[in-house]
Amino acid sequence: MTVTEPAPAVPPLAARARSVGGSPVRDILAVTARPEVINFAGGLPAPELFDAEGIAAAYRAVLAEEPARALQYSTTEGEPVLRAALAGRTTARGLPTAPGDLLVTTGSQQALSLLATALLEPGDTVLVENPCYLAALQAFGFAGARIVAVPGDEHGVDPEALADLVARERPKLLYTVPTFQNPTGRTLPAGRRAAVAAVAARRGLWIVEDDPYGELRYEGERLPWIASQPGAEDRTVLLGSFSKVMAPGLRLGWLRAPGELRRACAVAKQAADLHTPTVNQLAAARYLADRDLDAHVTRVAGVYRERRDAMLAALPGALPEGSVWTRPEGGMFLWARLPEPYDTTALLPQVVRHDVAYVPGAPFYAGTPDRTTLRLCFVTQTPEEIEEGLRRLGEGLRTGGPRARAL
């Protein structure tokens, strides 16, 4: 009788794959995909506001007029016509930029991964806001970075606390979303932007300035990028994206960075995907040439402002007494804090039974989380749906109670 020996086990996953968890936002979206759920969890632009006809026309024109180019491999840095258009838009907004200053990426999320690859060694320290954009925590975690949160307040990062941390921790970079931040919706004031730039210039620090929401302003005056502040010119990476102003399915982003770092990111991109899809780049460039993107964004922002206002109007009746929340001047998100001892992670399964969803705040913290917090996206639903969704949220919170525990 022949005894069959068991096959040897395959080697284990890399430590980084075992130590970095998945996205709670993606997990919530998968669980709440039922059409009856009013979902405030995802950061999803309103699909009915996409300029589908204009985008389709751009693709048709590109494929009809230059199909061989559109369907062919492209350069890693990006299509020249798109880089020129992006440089022009950036320059017009107060930051002189040449096409060669830019690297086109497959969404600005890829830019974070490329920067982590180009800048970080395992064990390097990265400073982040508190709370912080969740996928940035994932990207830096996969690079093996030690992530430290910078103290701040309702206005964002505290520059004095930043200076102290830089002196003590000697970090490689600070990651920040200074305008309509994800998850809080807050905006870093102009004076603090200058102070953050001054800390980087004085202490030696990279700043990664992520700006996916900056064009979605509903009120107030536009603030200059940190990248345009004196002292920050040679040490700031500015990230941009078409996901929130054109369409996320295009997966088009870009980074503006000093030469050596930009070239290192291009090499990292060669190893990742060779280049961002050519046809998408050319279609986006054609759209910018044929259509008025700024006018489209103005229309979208007008609708989003109505939805923000609807959420702000309905929140007092939905959240328990003693709750506080932000009033963003733009962007997509609102951040709420419930009174103790509410635990928004523990409450979520019970709230979802009422066919509404949010994102608990805990995963957005690099350090000790505030478990009373939650993020609400206000742009995907109509004002009527927002009102109904917050009514359901209020019912779910009252039913679950402050001391609910996860199932």
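Under the 3.5 Å distance criterion, with hydrogens and angles disregarded, a donor-acceptor pair is assigned to the side chains of Thr179 and Arg193. Checking Ser243 against Arg251 by side-chain atom types alone, a donor-acceptor pair falls below 3.5 Å. Using a 3.5 Å distance cut-off with no hydrogens or angles, the side chains of Tyr287 and Asp51 do pair a donor with an acceptor.
Using modelled atom types, no side-chain atom of Thr372 and backbone atom of Pro339 make a donor-acceptor pair closer than 3.5 Å. No donor-acceptor pair closer than 3.5 Å links the side chain of Ser241 to the backbone N or O of Gly253. No donor-acceptor pair under 3.5 Å is formed between the side chain of Arg375 and the backbone N or O of Val359. Arg337 contributes no side-chain N or O that, together with a main-chain N or O of Val324, makes up a donor-acceptor pair within less than 3.5 Å. Judged by distance alone, the side chain of Tyr304 and the main-chain N or O of Ala46 form a donor-acceptor pair under 3.5 Å. A donor-acceptor contact shorter than 3.5 Å links the side chain of Arg222 to the backbone of Arg93. In this structure a side-chain-to-backbone donor-acceptor pair under 3.5 Å is present from Thr76 to Leu274.
Scanning for side chain to side chain donor-acceptor pair (under 3.5 Å) contacts around Glu209 gives an empty result, with sequence neighbours left out.
Summarising the local packing, CD of Glu387 is surrounded by 12 or fewer heavy atoms from other residues, nucleotides or ligands at distances under 6.0 Å. In the displayed structure, Glu48 atom CD is contacted under 6.0 Å by more than 12 heavy atoms of other residues, nucleotides or ligands.
Note that CG of Leu103 is 11.0 Å distant from CG of Leu86, once rounded to the nearest 0.5 Å.
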